[in-house]
Amino acid sequence: MRWNLRMTAAEHGIWKSTEMRRRLSEAGLVVSAGKMSALWTGTPTTIRLEDLDVICAVLECAPSELLVCEPEKVAARRPRKAVAAKTTSPVTPRLGRNRSRPPA
């Protein structure tokens with residue numbers, strides 16, 4: 001996921017984090033300067049759904065405009081399937097009759 005707050009805010013005429021912070025405060029979400037800076041400049045690790053709802057209301061946008069899916073990055077993180085060698089013998093399961101006894 002890519003956090004797209006800054007671009008979405010710019011599309012709505014908000015160019016500075018202080019202006020965004022003021023509008024969030026007017027909407028009932030008081031954000032500290034440090035948290036606003038983190039939201040504005042980077043990608044948050046977590047965000048409360050209530051906070052996301054207020055941000056979307058202020059920007060008049062949908063959450064999908066703030067959180068942009070990047071499926072190519074997900075695909076790049078998946079491990080590739082190993083190709084099985086044709087010379088190996090198949091594994092045969094053993095039944096439980098030949099188990100050793102637990103220590104006494």
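- Under a 4.5 Å side-chain heavy-atom criterion applied to ILVMFWY residues, the cluster that includes L39 comprises M1, W3, L5, I14, M20, L24, L29, V31, M36, W40, I47, L52, V54, I55, V58, L59, L66, L67 as well.
- Applying the salt bridge (Lys or Arg N to Asp or Glu O under 4.0 Å) test to pairs two or more places apart or on separate chains, those with a residue in residues 42-61 are K35-D51, R48-E50.
- Evaluation of the side chain to side chain contact (heavy atoms under 4.5 Å, CB included) rule for A33 yields R21 as partners, not counting sequence neighbours.
- In this structure, the side-chain hydrogen bond (donor to acceptor under 3.5 Å, both in side chains) partners of E19, at least two apart in sequence or on a different chain, are R22, R23.
- A search for side chain to side chain contact (heavy atoms under 4.5 Å, CB included) contacts involving A38 returns nothing, not counting sequence neighbours.
- Within the structure, no pair that satisfies the salt bridge (Lys or Arg N to Asp or Glu O under 4.0 Å) test touches residues 36-47, not counting sequence neighbours.
- The side chain to side chain contact (heavy atoms under 4.5 Å, CB included) test applied to E70 returns R2, E72, K73, not counting sequence neighbours.
- Annotation for M7 and N4: closest pair CB-OD1, 3.2 Å, computed over non-hydrogen atoms.
- Partners of E11 by salt bridge (Lys or Arg N to Asp or Glu O under 4.0 Å), not counting sequence neighbours: none found.
- A search for side chain to side chain contact (heavy atoms under 4.5 Å, CB included) contacts involving T41 returns R6, S37, not counting sequence neighbours.
- Of all heavy-atom pairs between C56 and A62, the closest is SG-C, 3.8 Å.
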